[in-house]
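Just below is one structure, and these are the notes that go with it.
Side-chain atoms are counted along with the backbone in the values below, which use heavy atoms only and exclude waters and symmetry mates. Letters go in sequence order (proteins before strands), and every chain restarts at 1.
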Number of protein chains: 2
Amino acid sequence: MPKLTFFNLDPERRQAVLDASVEEFAKHPYEQASLSRIVDNCGIAKGSMYQYFEDKLDLYLYIVDLAYEQKRAYVGKAFSLEGDIFTVLEEYYWQSHLFAKDFPLLHQVANNFWDSRVLLPQIEEGRIDRARDFSKFLEEAIASGKANPDLDPQAVFFVYHAVGKDLVDEFERGTNGEFIREVLDVLRYGLQVRREV
Amino acid sequence: MPKLTFFNLDPERRQAVLDASVEEFAKHPYEQASLSRIVDNCGIAKGSMYQYFEDKLDLYLYIVDLAYEQKRAYVGKAFSLEGDIFTVLEEYYWQSHLFAKDFPLLHQVANNFWDSRVLLPQIEEGRIDRARDFSKFLEEAIASGKANPDLDPQAVFFVYHAVGKDLVDEFERGTNGEFIREVLDVLRYGLQVRREV
DNA sequence: TTTTTGTATGACCACCCAGTCACATCCTGT
DNA sequence: ACAGGATGTGACTGGGTGGTCATACAAAAA
């Protein structure tokens, strides 16, 4: 967490620090991001940064938090939706996409986070949280006869996690809603031909 | 490509250079890998490295090439297999898994390559190549009535690419053949219940 | 024997990094 | 007017990086 000094700051100055930091961590993963570049880009002294934050990691985790806070404001809408698991998933990725469009830099910060090599414990923790949420969701869908009960739930989560991650990456290249729907259709219907009753 | 000097080298010395380089590029992505550490670990002088290779990138690309050459020796078997697309895919990932088990360092080198930030053109090129191969394969499967013709081929490739990448990452955590099959089943049958005739 | 050629070496260069600290500045309460 | 706390500063430290180069050695060619 930032030190108190940071919150006492002149808002304009504080925003300049945030903007420069977000930009740096959007362009570079944690290990390659440079504090020197950040202070150059917002025109404050190196020493000042250490009045506001404990160290580079403290700043980084704060910025990542900001990004995810904003992202939750978008994707959260999906979960309050009435509808089956397929509707919710489509809305989830659609909201992710809108977030990426509205806050491209925050989106990149959030994405870079998963590639980091120093923060493996935090990343693993996040994965486990998501897996738990997802499996509860999946169980309901199976119970209500919407989802295929023959599939291994762990494997299902694995597939959705992998595809979701790349889908979100793809947003930087201007994916549209149509593509999201087509990708989800692949996951929904499977590659093998269906000869339903 | 390495300079001639490298190939004229005493094989033992050459192997020491290769071993140390593979280890470094397995542990660290290109940008964070350190030439100084490599020369320390194989006990040769920094200057010698520049008798063998143009620069860090030259060395790196050579090591990546070695890794992929070895990997092709494994996954290549899948394509010479008789059987439908599902059989081939399962064999493909199974061979990837065996490769990762037999050559864990080379496997990591190959995997790190996709995360690199300086080599985006090469990476995109590789993706396009794989997409072309895959779509030819997919068309055959659709034509012979094995694969669902209603799906968008681009989306299908996208899903398989994403899942394949993560599946291969997962090998480091000791995945077994069973999990590969379960993941492929998710892709094959889809999440929605099937009520086949 | 002398010369040329190929190779090995590590001190050295310029540059970048995160983080520190002695000092300057400003503001507020007395 | 003064004191004292909060804030701003940038030169500096110690350590890392990729890459260079004069020098040394060896062996083969003259």
Side-chain angles (χ1 to χ4, degrees), chain A residues 1-64 109 112 116-119, chain B residues 1-64 109 112 116-119:
Chain A
M1 279 294 281
K3 299 183 184 173
L4 258 165
T5 313
F6 183 66
F7 297 109
N8 295 339
L9 227 52
D10 168 43
E12 204 169 309
R13 190 180 169 91
R14 188 167 60 223
Q15 196 57 48
V17 170
L18 289 179
D19 288 347
S21 303
V22 166
E23 190 181 334
E24 180 70 12
F25 290 122
K27 277 192 193 150
H28 308 277
Y30 173 72
E31 293 86 347
Q32 276 143 257
S34 154
L35 261 171
S36 306
R37 269 195 302 256
I38 293 177
V39 299
D40 284 355
N41 285 341
C42 63
I44 69 166
K46 186 92 158 269
S48 296
M49 214 61 184
Y50 288 86
Q51 305 266 15
Y52 310 149
F53 299 92
E54 291 296 336
D55 51 22
K56 186 184 171 183
L57 185 60
D58 186 32
L59 167 62
Y60 178 63
L61 291 179
Y62 182 62
I63 299 292
V64 168
V109 169
N112 285 346
S116 154
R117 297 197 160 225
V118 271
L119 309 163
Chain B
M1 279 295 282
K3 300 183 184 173
L4 258 165
T5 313
F6 183 67
F7 297 108
N8 295 340
L9 225 52
D10 169 42
E12 203 169 309
R13 190 179 171 89
R14 188 167 60 223
Q15 197 57 47
V17 169
L18 289 179
D19 288 347
S21 303
V22 165
E23 189 180 335
E24 180 70 10
F25 290 122
K27 276 193 192 151
H28 308 277
Y30 173 72
E31 293 86 346
Q32 275 142 258
S34 156
L35 260 170
S36 306
R37 270 197 301 257
I38 293 177
V39 298
D40 284 356
N41 286 340
C42 64
I44 69 167
K46 187 93 156 270
S48 295
M49 214 59 182
Y50 288 86
Q51 305 266 15
Y52 309 149
F53 298 92
E54 291 297 335
D55 51 23
K56 186 184 171 183
L57 185 61
D58 186 32
L59 167 62
Y60 179 62
L61 292 179
Y62 182 63
I63 299 293
V64 168
V109 168
N112 285 345
S116 156
R117 299 197 159 226
V118 273
L119 310 164

Roughly, in whole Å, what's the span from [atom1] in [X] to [atom2] in [N]?
{"X": "Y50(B)", "N": "dG10(C)", "atom1": "OH", "atom2": "P", "answer": "16 Å"}
{"X": "E54(A)", "N": "dA18(C)", "atom1": "CD", "atom2": "C1'", "answer": "14 Å"}
{"X": "F53(A)", "N": "dT7(D)", "atom1": "CZ", "atom2": "P", "answer": "14 Å"}
{"X": "D40(B)", "N": "dG18(D)", "atom1": "CG", "atom2": "C1'", "answer": "14 Å"}
{"X": "M49(B)", "N": "dG10(C)", "atom1": "CE", "atom2": "P", "answer": "15 Å"}
{"X": "L9(A)", "N": "dT7(D)", "atom1": "CG", "atom2": "C1'", "answer": "9 Å"}
{"X": "K46(B)", "N": "dA8(C)", "atom1": "NZ", "atom2": "P", "answer": "17 Å"}
{"X": "E24(A)", "N": "dC16(C)", "atom1": "CD", "atom2": "C1'", "answer": "13 Å"}

* OP1 or OP2 of dT7(C) under 4.0 Å from side-chain N/O of N8(B) -> yes
* Kindly give the heavy-atom pair with the smallest separation between F7(A) and M1(A), and that separation in Å. => CZ-CE, 4.5 Å
* To do: Measure across C42(B) and A20(B) and return the closest heavy-atom pair with its distance rounded to 0.1 Å.
  => CB-CB, 3.7 Å
* Asked: Does E24(A) reach the main-chain N or O of S34(A) with its side chain, forming a donor-acceptor pair under 3.5 Å?
  -> yes
At under 4.0 Å between heavy atoms, what does [X] touch on the DNA or RNA strands: base, sugar-phosphate, or nothing?
{"X": "S34(A)", "value": "sugar-phosphate"}
{"X": "Y52(B)", "value": "sugar-phosphate"}
{"X": "T5(A)", "value": "sugar-phosphate"}

* Structure fact -> Interatomic distance, CG@L59(B) vs CE@M49(B), rounded to 0.5 Å, equals 4.5 Å
* Roughly how far apart are Y30(B) OH and R117(B) CZ, rounded to 0.5 Å? -> 15.0 Å
* To do: Between dG18(D), dT9(D), dT9(C), spot the one nearest the side chain of L35(B), thanks.
  => dG18(D)
* **R13(B) side-chain proximity, nearest of dG19(D), dA8(C), dT9(D)** => dA8(C)
* Taking the six-membered ring for Trp, are F6(B) and Y62(B) parallel (under 30°), tilted (30 to 60°) or perpendicular (over 60°)? -> perpendicular
* Asked: Side-chain contact, heavy-atom cut-off 4.5 Å: V17(B) with I38(B)?
  -> no
So which protein N/O to nucleotides 22-28 of chain D N/O distances come out below 3.5 Å?
none

* First of A45(B) and E31(A) reached from the 5' end of DNA chain C, by closest nucleotide -> A45(B)
* **Position toward the 5' end of DNA chain C (nearest nucleotide), R37(A) or S48(A)** => R37(A)
